[in-house]
Amino acid sequence: MPKTAHKVVVIGHRNPDTDSICSAIAYAELKNKTSSLVCEARRAGRMNQETEFVLKRFGVAPPRMCTDVNPKIRDVDYREMPGIPGSTSLRKAWEIMRDQQIDTLPITSADNELEGIITVKDIATANMDVFDTGVLATSRTTYKNILETLGGTMVVGNENAVCTTGHIKIGTATPEMLENNVEKGDIVILTNRYESQLCAIEKEASLIIICNGAKVGRTIQRIAEETGVAIMTAPCDTYAAGKLMSQCAPISYYMTRDDIMKFTLVTPVADVTRVMAKVRHRYFPILDEDGKYCGMVSRRNIIALRKRRIILVDHNEATQAVEGFDQAEILEIIDHHRIGSLETSGPVYFRNQPVGCTATIVTQMYDENGVEIRPQIAGLLLAAILSDTLVFRSPTCTPVDVSTAHRLAKIAGVEIDAFASEMFEAGEKLDGKTPEEVFLQDFKVFMCGDVRFGVAQGSYMTRKNLKAAQKLLTPYLPEACGKQNVEDLYMLLTDVPKEESVVICTGRHADEMLRSGFEKEPEEDGSWTLPGVVSRKKQFIPALMSAYQEL
């Protein structure tokens, strides 16, 4: 079982911005250096152009995507038992079940394709069908299986041969009676009586099994070889041999081939639990990403499931958290936003500070733990602060953010203004971008009472780029409103140098909320100009929340 499944996921919000991604990377590295946890930074959505530029600029690989932390089968300590070939005897299969304390076995091909399953119930049913004397021929049982089951020795013939004809006969009666009962191709179980052995050969039996470990005379061996009759000896008596014969049949004859209940490594545990509740057997095969068999999972494995462990950075809103967060164990939350709607099942380490950026808090935590910040990580943390504070223009920016940024710039070896201009320019490019891609670069969902609304934001260094974004996004907003399942939708187009935002919106209450929250009227083109408003967190959301509360 791959232990990577038990890594702690450090992750930001959906539609991540630069702070969300960079803080996750930096904090995962800090936790790996200062704790026994094995952490990995992940992202809950597609990165925007600005973040892509930053990671490329400092030579850092993008975190892997993780849109869902609902537990999957790969997170379960499933049983990595090998599959068995279909030629395996019923007896051998039962022994494996007994020794490994499992009631279901997977049957696989040479290249690990799942061919079927066999349960202990199937084996019991086969053993009770004692009147099927033709089972070895019908199931094309190998002599090897018979030898293995009886503990026998091949005397005449090839152990790789296969039973293709005849019925099982126990020849303990007189030779005269044998002559009337045995037919050509039968499998005859005998004792050490010479006359009975000779009679079975003359009747052209396909296989003679001589019990009680009796020796086979040379004359009988020679005649059997000449007539093509196989002979094997077994240490058990005729009664035991007769009982064991049906257990020599290959499991491929009895296995379930169709409609097998199976799961993949990415099947949600919730789906598995629902299936298990309806099916009697306890073990189910698992297939890997290539469709190959890789293990068995049981109810007990599911019950003992260890939830995925996650650390949330740059948010604490349920509407912004990765899918399935409520099924995971949240270990920590590191954030600088208002305390939102997210609930945890137990106490967690929750660090929330009124600074302009999560990266500022993460930098403090490096200092508190006495960990040196590498130039690469310093560059990421700096970019996050410059992005979130709009190069110190946002009202969310504090003196701590400014001093932290200047210190990080020295470590990273960059000049703040030049780097910020490059970064914002990379982020506001619209070339080849769809309206949806531009809209989702920094989009968050909020709740106020029963109203669910969304707010996106884009920052622009030139008015020309801002107007181009407005033209691209205005016709798209009604479609986005439906796709994101929100009642109202707002898009802040922030002019960084001018320190104001142009807002375009759609939805049932949107115009009314802007009018109430900011005591402004819309422009002729339906947009709203909000001088001095550059922060979604500190200026826009609080005013909207107040307006919605009065609804």
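These numbers come from the heavy atoms of this one structure, side chains and all, not from hydrogens, waters or symmetry mates. Position 1 is the first residue of the sequence, and the numbers go up from there.
Under the 3.5 Å distance criterion, the side-chain polar atoms of D288 are matched with a main-chain donor or acceptor of K292. The backbone N or O of A359 sits less than 3.5 Å from a side-chain atom of S23, completing a donor-acceptor pair. Although no hydrogens or angles enter the test, the distance criterion places no donor-acceptor pair under 3.5 Å between the side chain of T474 and the main chain of K471. Q539 places a side-chain N or O within donor-acceptor distance of the main-chain N or O of S535, the cut-off being under 3.5 Å. Looking at N301, its side chain never comes within 3.5 Å of a backbone N or O of V297 through a donor-acceptor pair. Looking only at distances, a side-chain donor or acceptor of T319 sits under 3.5 Å from a matching main-chain atom of V445. With hydrogens and angles disregarded, no donor-acceptor distance shorter than 3.5 Å links the side chain of Q320 to the backbone of H315.
Defined by atom type and a distance below 3.5 Å, a donor-acceptor pair is present between the side-chain atoms of D401 and T360. Of the N and O atoms on the side chains of T404 and T363, not one donor lies less than 3.5 Å from an acceptor on the other residue. In this structure, a donor-acceptor pair under 3.5 Å is present between the side chains of E523 and T529. If you check the side chains of E437 and N48, you find no donor sitting under 3.5 Å from an acceptor. Side chain to side chain, S459 and E428 fail the donor-acceptor criterion of an N or O pair below 3.5 Å.
For the atom pair CG (L55) and SG (C22), the distance works out to 5.5 Å, reported to the nearest 0.5 Å. Here the CG atom belonging to D111 is positioned 14.5 Å from the OH atom belonging to Y293, to the nearest 0.5 angstrom. Taken to the nearest 0.5 Å, the CG atom of L530 stands 8.5 Å off from the CH2 atom of W528. Note: D103 CG to T119 OG1 = 7.0 Å, rounded to the nearest 0.5 Å. E317 CD to D314 CG: the interatomic distance, rounded to the nearest 0.5 Å, is 11.5 Å. Considering NZ of K31 and CG of L331, their distance stands at 8.0 Å, rounded to 0.5 Å.
Ion pairing of D488 with R508 is absent here, as no side-chain N (NZ or NE/NH1/NH2) approaches a carboxylate O to less than 4.0 Å. The pair R274-D271 counts as a salt bridge, with a side-chain nitrogen and a carboxylate oxygen less than 4.0 angstrom apart. Residues K537 and D388 are not paired through a salt bridge, judged by the lack of any N-O separation under 4.0 Å between the basic side chain and the carboxylate. A salt bridge is defined here as a Lys NZ or Arg NE, NH1 or NH2 lying under 4.0 Å from an Asp or Glu carboxylate O, and E487 with R452 fails to meet this definition. A salt bridge links E500 with R463; the closest basic N to acidic carboxylate O contact falls under 4.0 Å. Residues K483 and E479 are paired through a salt bridge, judged by an N-O separation under 4.0 Å between the basic side chain and the carboxylate. Between E521 and R515 there is a salt bridge, since at least one side-chain N of the basic residue sits less than 4.0 Å from a carboxylate O of the acidic one. Salt-bridge annotation for E329 and R308: absent, with no side-chain N of the basic residue lying under 4.0 Å from a carboxylate O of the acidic one. The pair R407-D367 meets the salt-bridge criterion, since a charged nitrogen lies less than 4.0 angstrom from a carboxylate oxygen.
Taking 4.5 Å as the limit, some side-chain heavy atom of M81 sits within range of a side-chain heavy atom of Q100. The closest side-chain heavy-atom distance from F424 to V391 is below 4.5 Å. Contact annotation: the side chain of I541 never approaches that of H337 to less than 4.5 Å [non-hydrogen atoms, C-beta and beyond]. Side-chain contact between M65 and T67 is present, with at least one heavy-atom pair separated by less than 4.5 Å. In this structure the side chain of N15 never reaches within 4.5 angstrom of the side chain of Q441, judged on heavy atoms. Side-chain atoms of M47 and P62, non-hydrogen and from C-beta on, do get closer than 4.5 Å to each other. Within the 4.5 Å cutoff, the side chain of I117 has heavy atoms near those of the P285 side chain. Looking at heavy atoms from C-beta onward, L473 lies in side-chain contact with I504 at the 4.5 angstrom threshold.
Nearest heavy atoms, P71 versus L305: CB-CD2, 3.6 Å. The shortest heavy-atom contact between M545 and M447 is CE-O, 3.5 Å. Among all heavy-atom pairs drawn from I11 and C66, the shortest one is CD1-O, 3.5 Å. Looking at every heavy atom in both residues, G340 comes nearest to N316 through N-OD1, 2.5 Å. V10 and C39 make their closest contact through CG2-CB, 3.9 Å (heavy atoms, listed as atom of the first residue, atom of the second, distance). Considering every non-hydrogen atom in both C448 and Q549, the closest pair reads SG-CG, 3.7 Å.
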- request: Tell me, with the steps shown, if R351 and E332 meet salt bridge (Lys or Arg N to Asp or Glu O under 4.0 Å).
  value: CA-CA 8 Å; R351 182 156 177 165; E332 300 181 19; over 6 Å; no
- request: Could you go through the ring-ring contact (aromatic ring centres under 6.0 Å, His included) check for F263 and Y78 one step at a time?
  value: CA-CA 12 Å; F263 306 112; Y78 61 82; over 10 Å; no
task: Go through the steps to decide whether R42 and I310 satisfy the test side-chain contact (heavy atoms from CB on, under 4.5 Å), and finish with yes or no.
output: CA-CA 10 Å; R42 303 289 291 271; I310 60 175; over 6 Å; no
task: List the steps and the verdict of side-chain contact (heavy atoms from CB on, under 4.5 Å) for D511 and C505.
output: CA-CA 7 Å; D511 284 344; C505 62; 3.3 Å; yes
- prompt: side-chain contact (heavy atoms from CB on, under 4.5 Å) between D19 and I385: does it pass, once the steps are laid out?
  reply: CA-CA 7 Å; D19 185 24; I385 295 171; over 6 Å; no
message: Does T108 form a side-chain hydrogen bond (donor to acceptor under 3.5 Å, both in side chains) with E113? I'd like the steps, not just the answer.
response: CA-CA 5 Å; T108 56; E113 294 282 351; over 6 Å; no
task: Dump the intermediate steps for side-chain contact (heavy atoms from CB on, under 4.5 Å) on V269 and N70, then the final yes or no.
output: CA-CA 8 Å; V269 168; N70 274 307; over 6 Å; no
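For E368, the CD atom counts as densely surrounded, since its 6.0 Å shell holds more than 12 non-hydrogen atoms of other residues, nucleotides or ligands. By the neighbour-count criterion of 12 heavy atoms within 6.0 Å, atom CD of E425 is sparsely surrounded, having that number or fewer from other residues, nucleotides or ligands. Atom CG of D525 has more than 12 neighbouring heavy atoms from other residues, nucleotides or ligands inside a 6.0 Å radius. Within a 6.0 Å radius of NZ in K33, more than 12 heavy atoms belonging to other residues, nucleotides or ligands are found. Counting heavy-atom neighbours within 6.0 Å of E415 CD, excluding the residue itself, gives a total above 12.
Taking the six-membered ring wherever Trp is involved, the centroid distance between the rings of Y27 and Y366 does not fall below 6.0 Å.
R43 meets the salt bridge (Lys or Arg N to Asp or Glu O under 4.0 Å) test with no other residue; sequence neighbours excluded.
Note on residues 459-492: pairs passing ring-ring contact (aromatic ring centres under 6.0 Å, His included), not counting sequence neighbours, are F439-Y476, Y490-F540.
Aromatic ring pairs are classed by plane angle as parallel below 30°, tilted from 30° to 60° and perpendicular above 60°; the pair H406 and F392 is parallel.
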